Visitor: 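Structure provided below as structure tokens; questions to follow.
This one's a predicted model, so the numbers in the text were calculated from it and none came from an experiment.
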Amino acid sequence: MDKKPIAPRPPQPTRPKEKAPPLACDSHAHMLAGPKDFPLWEGRVEDPDPSLDFEDWLTGYKANLAALGCSRGVIVHSIFYGTDNAVTVEALRRLGDQFKGIGLLPDTASEADIAQFAAWNMAGVRLNYVHGGVLSWEGAKNMAPLLAAHGLHIQMLMHAHLHMEEIAADIERLSVPVCLDHIAWPDLSLGVDDAGMKRLCALLESGKVWVKLSGLYRLSNAPYEETDAFVAALVNANPERCLWGSDWPHIMLNGAEMPQSGGMLDAFHRVVSAEHDRQLILVENPAKLYGFPSA
């Protein structure tokens, strides 16, 4: 198997100035392991650090959650492993029912594949509308009725300024929820009045879409103040459809600075000051979308 650039290790977890409330959820993180534990996909662009095995990554993930004050989490399957979801499935098995997964399925997935996803404690399937991947938007739309039948949703990486106007009507018609990663990855230079952002906020207001307040470090350097207006616009549009995630362990940086998860939670708290909204975004909304059991 060809060697790729090695993804940098995440830093030791640091505590935010204020921890998350009880039952808070880190709604976006990845689980890694070396090829001795789980086979890597040939189409990946990076390798996980070969000196760390699955147990090391699992320990690091738990430490990051503890530093943040989160007791629930969502493991988003990494493209490092393609459609072999085994590393995510094993993480979910080890972590228990306060954790859910988002996995990868191809356009050709059958109902049996989707049923197996639900049995694995997956909450949805992910597609990448920015870089492409194993699932297309057409495939996801075709899959939507089966996803709905098994209580799953669609998670999507896209650019608000490039794609929102193109896919908004489809989202409104779908029978399953759609959740957008990384504040819909807007072009910050266009401002919050860009047509794509305005359309996204309208979809949020109507409850037709969810958005993760994650990945700020991919758009701005710490302390991420350049993203404040965008996070505020999304929360103001509908705090009941926003989630928060650390994006640990911060793979495929593409030149971005390695972040501290605690600093990103600080950035969230800086913008979202109302306790009611924090409780919604960190606790109640993920419980609703991912179906976490009652405490």
Side-chain angles (χ1 to χ4, degrees), residues 25 27-28 72 74-77 79 83 85 88-89 92 97 99-130 132-160 162-185 196-214 234 237-243 245 280-281 284-293:
C25 179
S27 296
H28 196 104
R72 290 171 167 169
V74 178
I75 306 294
V76 180
H77 185 65
I79 193 63
T83 55
N85 291 274
T88 299
V89 172
L92 295 175
D97 64 2
F99 294 81
K100 297 288 185 176
I102 300 293
L104 295 182
L105 285 174
D107 287 2
T108 55
S110 66
E111 183 168 11
D113 295 326
I114 294 169
Q116 180 63 75
F117 251 44
W120 280 335
N121 213 23
M122 296 288 192
V125 297
R126 191 188 194 206
L127 71 99
N128 189 323
Y129 206 63
V130 175
V134 299
L135 179 64
S136 70
W137 183 228
E138 287 302 316
K141 289 188 292 182
N142 292 335
M143 196 184 292
L146 291 177
L147 295 175
H150 291 276
L152 304 178
H153 68 268
I154 294 169
Q155 181 175 308
M156 187 176 191
L157 180 65
M158 49 79 76
H159 287 306
L162 296 178
H163 307 135
M164 196 72 256
E165 298 274 24
E166 176 185 336
I167 65 173
D170 286 339
I171 290 174
E172 289 178 321
R173 289 191 292 264
L174 281 177
S175 57
V176 295
V178 174
C179 182
L180 305 177
D181 295 348
H182 304 339
I183 65 170
W185 210 340
M197 276 296 296
K198 292 176 76 171
R199 188 69 182 273
L200 170 55
C201 288
L203 285 177
L204 277 171
E205 286 181 31
S206 67
K208 292 292 186 180
V209 74
W210 299 72
V211 65
K212 293 188 179 185
L213 310 178
S214 59
L234 297 172
N238 191 349
E240 295 184 2
R241 285 296 182 268
C242 294
L243 308 156
L280 280 174
I281 294 166
E284 295 178 26
N285 295 348
K288 182 176 181 179
L289 180 60
Y290 299 112
F292 288 119

Visitor: Kindly give the heavy-atom pair with the smallest separation between C25 and V74, and that separation in Å.
Guide: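 So the two residues come closest at SG-CG2, 4.0 Å.
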Visitor: Are W137 and D170 linked by a side-chain donor-acceptor pair shorter than 3.5 Å?
Guide: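 The criterion, which ignores hydrogens and geometry beyond distance, is satisfied for D170 and W137.
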Visitor: Please give me the minimum heavy-atom distance between L203 and S206, naming the atom from each residue.
Guide: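 Closest approach of L203 to S206: O-OG, 2.8 Å.
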Visitor: Let me confirm one number: the CG-OG1 distance from N121 to T88, rounded to the nearest 0.5 Å.
Guide: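 Interatomic distance, N121 CG to T88 OG1, rounded to 0.5 Å: 12.0 Å.
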Visitor: For L152 and V176, run side chain to side chain contact (heavy atoms under 4.5 Å, CB included): C-alpha distance rounded to whole Å, both residues' side-chain angles, the deciding distance at 0.1 Å, then the answer.
Guide: CA-CA 7 Å; L152 304 178; V176 295; over 6 Å; no
Visitor: By the definition side chain to side chain contact (heavy atoms under 4.5 Å, CB included), identify the one residue from V178, I102, L174 that meets it with H153.
Guide: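 Exactly one candidate clears the test, I102.
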Visitor: Could you go through M122 and Q116, starting from their C-alpha distance and side-chain angles, then the distance that decides it, and tell me whether this counts as side chain to side chain contact (heavy atoms under 4.5 Å, CB included)?
Guide: CA-CA 9 Å; M122 296 288 192; Q116 180 63 75; over 6 Å; no
Visitor: Measuring from atom CG of L289 to atom CD of E240, what distance do you get when rounded to the nearest 0.5 angstrom?
Guide: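 Output value for this atom pair is 13.5 Å.
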Visitor: What are the two closest non-hydrogen atoms of R126 and L157, and how far apart are they?
Guide: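 Residues R126 and L157, closest heavy atoms: NH2-CB, 4.1 Å.
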Visitor: Backbone N or O of T83 within a donor-acceptor pair of the N85 side chain at under 3.5 Å?
Guide: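 Looks like yes, one N/O pair under 3.5 Å.
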Visitor: Is a side-chain N or O of N285 found less than 3.5 angstrom from the main chain of L243, in a donor-acceptor match?
Guide: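 Flag not set: sc N285 to bb L243 has no pair under 3.5 Å.
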Visitor: Enter the distance from F99:CZ to I75:CD1 here, rounded to the nearest 0.5 Å.
Guide: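 Answer for the CZ-CD1 pair, F99 versus I75, is 7.0 Å.
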Visitor: So, for I281 and P286, which heavy atoms are closest and what is the spacing to 0.1 Å?
Guide: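 It is O-CD, 3.4 Å.
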Visitor: I want to check something: taking the side chain as every heavy atom from C-beta on, are H159 and V130 in contact at a cut-off of under 4.5 Å?
Guide: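 Answer yes - side chains close enough.
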Visitor: So, do L234 and L213 sit near enough that their side-chain heavy atoms are less than 4.5 Å apart?
Guide: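 SC-SC contact between L234 and L213 confirmed.
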Visitor: Applying salt bridge (charged side-chain N to carboxylate O under 4.0 Å, His left out), which residue pairs with at least one partner in residues 200-212 are found, sequence neighbours left out?
Guide: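 Non-adjacent pairs meeting salt bridge (charged side-chain N to carboxylate O under 4.0 Å, His left out): zero.
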Visitor: Looking at every non-hydrogen atom in both residues, tell me the closest pair between F117 and G124 and how far apart they are.
Guide: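 Nearest pair, atom of F117 first, then G124: CE2-O, 3.9 Å.
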Visitor: Starting from the C-alpha separation in whole Å, work towards a yes-or-no answer on side chain to side chain contact (heavy atoms under 4.5 Å, CB included) for I171 and M164.
Guide: CA-CA 10 Å; I171 290 174; M164 196 72 256; 3.8 Å; yes
Visitor: Can you tell me how far the OG atom of S175 sits from the CD1 atom of I154, to the nearest 0.5 Å?
Guide: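 Interatomic distance, S175 OG to I154 CD1, rounded to 0.5 Å: 8.0 Å.
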Visitor: V89 vs H77, test: side chain to side chain contact (heavy atoms under 4.5 Å, CB included). Steps then yes/no.
Guide: CA-CA 9 Å; V89 172; H77 185 65; over 6 Å; no
Visitor: With a 4.5 Å limit on heavy-atom distance, are the side chains of R241 and K288 in contact?
Guide: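 In contact.
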Visitor: For a quick test of reading the model, state the closest non-hydrogen atom pair linking S136 to L127 and the distance between them.
Guide: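 Minimum heavy-atom contact is O-CD2, 4.2 Å.
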Visitor: In terms of the angle between their ring planes, are H182 and W185 parallel, tilted or perpendicular, with boundaries placed at 30° and 60°?
Guide: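 Taking W185 first and then H182, their aromatic rings stand perpendicular (interplane angle over 60°).
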Visitor: Between atom CE of M156 and atom CG of L135, what is the distance when rounded to the nearest 0.5 Å?
Guide: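 Spacing of CE (M156) from CG (L135) equals 9.5 Å.
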Visitor: Going from CD1 on I167 to CD on E165, what distance comes out if it is rounded to the nearest 0.5 angstrom?
Guide: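 So the CD1 of I167 and the CD of E165 are separated by 10.5 Å.
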Visitor: Does the D113 side chain pair with the main chain of S110, one donor and one acceptor, at a distance under 3.5 Å?
Guide: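 At least one qualifying donor-acceptor pair exists.
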